[in-house]
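Contents: one structure, followed by commentary.
Order of the sequence lines sets the chain letters (A, B, ...), proteins ahead of strands, with each chain counted from 1.
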Amino acid sequence: MAQTTIMQGTLELLILKTLTRESMHGYGIANRIHQAVDDVLKIEDGSLYPALYRMEERKWISSYWGLSENNRRAKFYKLTKAGRKQLEDQSANWKRISQAMNRVLGTT
Amino acid sequence: MKALINYLLKRMRRRQAGEFELEEELRFHLEMIAQDLRQSGMTPPAAVAASRDRFGDLERVRHQCLAIRRRKDPVNRAVKSALIAMFVAGLVLRMFSVTVQFGRLADLSMAIAVLGHFFLHLRDFKSRHSY
């Protein structure tokens, strides 16, 4: 299947959505995203970290150190109130763009 | 003076702690990928190589994360504020300078402020957009 390289804003939106259910460490977030996008989007795991750090800087997410499922120390990320608001805004924006593109592509 | 040295040492230690935490976080990720791959039947050397491949450019990631951390640094913010103050002072001095020397001092002050800001913005821009 052809893979598409992901854009910065899209990755942030995927991370925000992934963290809505529970706090996760970077590896968990990467796995969840890989499962969700089903190899359609090409995402290197490493690209998550600058995005996570940027999102933490903007206070969309916060982090804490905890224990992973195999009892190792890991840094967990969780969504903040500002992050939820950002997710709502970005999702709405994404839907608007997607609808507009569909309309354009559907025009003969 | 002693307070300044203590502050700088504390800042250095905090920066080092941040770097260690980043190292630990990235190492955890790489080791978890390798562990999963070993469990799915891959040999340990192949799993390590595949984990690096899936992760991407480790050095670039490390560099970008540290650059983002640096942006949050209060000293960095203080430098930015000082540069703005320097520019405003230079502008005021330029407007009211009565001698050539004061005029040159004002020009120098504004030039340093503009160049300093440009340098800081360029560094921030690179860390924001290089991925």
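Side-chain contact between Lys75(A) and Phe28(B) is absent, with no heavy-atom pair separated by less than 4.5 Å. Two residues are said to be in side-chain contact when any heavy atoms from C-beta on lie closer than 4.5 Å; Glu24(B) and Trp65(A) meet this criterion. Under the 4.5 Å side-chain criterion, counting only non-hydrogen atoms from C-beta, Asn31(A) is not in contact with Met32(B).
Within 6.0 Å of the CZ atom in Arg52(B), the count of heavy atoms belonging to other residues, nucleotides or ligands does not exceed 12. Shown here is Phe20(B), whose CZ atom has no more than 12 heavy atoms of other residues, nucleotides or ligands within 6.0 Å.
Phe76(A) and Met55(A) are assigned to two separate hydrophobic clusters, defined by single-linkage of ILVMFWY side chains at heavy-atom distances under 4.5 Å. Note on Leu120(B) and Phe87(B): separate hydrophobic clusters, where clusters join Ile, Leu, Val, Met, Phe, Trp and Tyr whose side-chain heavy atoms are under 4.5 Å apart, directly or indirectly. In terms of hydrophobic clustering, with Ile, Leu, Val, Met, Phe, Trp and Tyr side chains grouped at heavy-atom distances under 4.5 Å, Met42(B) and Leu30(B) are assigned to different clusters. The cluster map of Ile, Leu, Val, Met, Phe, Trp and Tyr, joined by side-chain heavy atoms under 4.5 Å apart, puts Leu83(B) and Phe119(B) in the same cluster. When hydrophobic clusters are built by joining Ile, Leu, Val, Met, Phe, Trp and Tyr residues whose side-chain heavy atoms come closer than 4.5 Å, directly or via intermediates, Trp94(A) is grouped together with Trp60(A).
Ion pairing between a basic and an acidic side chain is recognised when a charged N comes within 4.0 Å of a carboxylate O; Arg72(A) and Glu31(B) show such pairing. Taking the charged nitrogens against the carboxylate oxygens, Glu44(A) and Arg54(B) have no contact shorter than 4.0 Å, which rules out a salt bridge.
Ranked by non-hydrogen atom pairs under 4.5 Å with chain B, the options Glu56(A), His34(A), Arg73(A) are led by Arg73(A).
Looking at Glu21(B), both its backbone and its side chain come within 4.5 Å of chain A, counting heavy atoms on both sides. Contacts of Leu58(B) with chain A are absent, with no heavy-atom separation under 4.5 Å from either backbone or side chain.
Against chain B, the residues from residues 77-92 of chain A that qualify, each with a non-hydrogen atom under 4.5 angstrom away, are Tyr77(A) in number order.
Nearest heavy-atom pair across Pro50(A) and Val61(B) is CD-CG1, 4.1 Å. Across Ala30(A) and His29(B), no two heavy atoms sit closer than the pair CB-CE1, 3.8 Å. Summarising the geometry of Cys65(B) relative to Tyr53(A), their closest heavy-atom pair is O-CD2, 3.8 Å, with the distance given to 0.1 Å.
How far OH of Tyr27(A) is from CG of Leu26(B): 14.5 Å, rounded to the nearest 0.5 Å. Taken from CD1 in Ile68(B) to CD in Glu57(A), the straight-line distance is 6.5 Å, to the nearest 0.5 Å.
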